[in-house]
Amino acid sequence: MQHPVILASSSPFRQSLLQKFNLPFSTFSPDVDETPHPKETPQALVARLSEHKARAAVQHFSQGLVIGSDQVAVFNQQILGKPHNKENAIKQLSLFSGNTVTFLTGLCVYDIQSNQTKTLVEPFNVTFRTLSQGQISAYCDAEQPYNCAGSFKSEGLGICLFEKLSGDDPNSLIGLPLIKLNQLLAEFGLDVLNQQAQLR
């Protein structure tokens with residue numbers, strides 16, 4: 001392959017999304033401090049972290065196109081991160097009940113050799129059903145979404161929490177906006193469809 005592809009993430013969800021492109025790729029887990037800067041907007045935060053994660057690849061690789069991504073949930077202009085436990089997940093989902101939450105996914109493609117990056121932020125809106133405490137607790141026990149921004153897994157049982165989804169790419173909700181990723185890779189000279197012929 002002309003451009004080795006590297007995913008700066010240990011997330012099994014992002015890995016399974018990237019597999020849709022049918023390209024070989026390597027992965028590593030970037031060690032990046034995800035603490036927001038003072039007065040940093042959610043958009044600036046996910047863009048910065050996506051680029052930092054992608055650039056961390058130079059510690060492990062000497063060439064390749066590196067994909068970095070980061071995601072936050074935004075509600076009432078507050079950044080909501082991963083809940084980490086059931087109590088916090090119940091609090092988040094109780095807040096979201098009957099409301100619309102915006103998920104911002106940062107995406108960066110970094111070319112190690114040229115030291116160039118292309119970064120964007122993809123929004124996606126999720127309108128939640130009005131949920132009872134029993135439904136929220138049952139969902140948390142069933143799926144334990146404690147390492148997921150927003151306290152749910154939309155690719156699983158989390159779909160039952162929603163009334164409506166709106167955005168350009170449902171993949172971005174899971175953590176990797178594939179439509180935009182395809183465009184960014186093409187800007188670096190990697191055409192995903194043309195590569196299929198070379199892989200046969």
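Numbers for residues simply follow the sequence, beginning at 1.
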> For a quick check under 3.5 Å, do N125 and T102 share a side-chain donor-acceptor pair by atom type?
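Yes, T102 and N125 have a side-chain donor paired with an acceptor closer than 3.5 Å.
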
> Do any N or O atoms from the side chain of S137 and from the backbone of Q133 form a donor-acceptor pair under 3.5 angstrom?
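No.
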
> Over 60° means perpendicular and under 30° means parallel, so classify the ring planes of F128 and F96, tilted if in between.
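Tilted, since the angle between the ring planes falls between 30° and 60°.
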
> Look up atom OG1 in T27 and atom CG in L18, then write down how far apart they are to the nearest 0.5 Å.
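Separation between the atoms: 10.0 Å.
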
> Is D31 atom CG crowded by more than 12 heavy atoms from other residues, nucleotides or ligands, each under 6.0 Å away?
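Atom CG in D31 is not crowded, with 12 or fewer foreign heavy atoms closer than 6.0 Å.
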
> Does S69 reach the main-chain N or O of G175 with its side chain, forming a donor-acceptor pair under 3.5 Å?
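Flag set: sc S69 to bb G175 pair under 3.5 Å.
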
> Between the main-chain N or O of D111 and the side-chain N or O of N115, is there a donor-acceptor pair closer than 3.5 Å?
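Checked: no pair found.
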
> Rounded at 0.5 Å granularity, tell me how far CZ in F13 sits from NZ in K153.
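The NZ atom of K153 is 4.5 Å from CZ of F13, to the nearest 0.5 Å.
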
> Hey, quick one: are L120 and V192 part of the same hydrophobic cluster, counting side-chain heavy atoms closer than 4.5 Å, chains of contacts allowed?
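In one cluster: yes.
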
> Return each pair, listed once, that meets ring-ring contact (aromatic ring centres under 6.0 Å, His included) where at least one residue sits in residues 33-57; pairs must be two or more places apart or across chains.
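Every candidate ring-ring contact (aromatic ring centres under 6.0 Å, His included) pair involving residues 33-57 fails, so no pair, neighbours aside, qualifies.
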
> Are K82 and Y146 in a cation-pi contact, defined as NZ or CZ under 6.0 Å from the six-membered ring centre and within 45° of the axis?
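No cation-pi geometry.
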
> Is V101 reachable from L165 through a run of hydrophobic residues whose side-chain heavy atoms are each under 4.5 Å from the next?
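Same cluster: L165 reaches V101 through Ile, Leu, Val, Met, Phe, Trp or Tyr contacts under 4.5 Å.
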
> What residues, two or more places apart in sequence or in another chain, satisfy side chain to side chain contact (heavy atoms under 4.5 Å, CB included) together with N22?
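Result, side chain to side chain contact (heavy atoms under 4.5 Å, CB included) vs N22: Q196.
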
> Which residues pass the side chain to side chain contact (heavy atoms under 4.5 Å, CB included) test with L157, sequence neighbours left out?
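Result, side chain to side chain contact (heavy atoms under 4.5 Å, CB included) vs L157: Y139, A142, E143, C160.
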
> Looking only at atom types and distance, does a side-chain atom of N76 sit under 3.5 Å from a main-chain N or O of Q78, one as donor and one as acceptor?
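A pair under 3.5 Å: no.
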
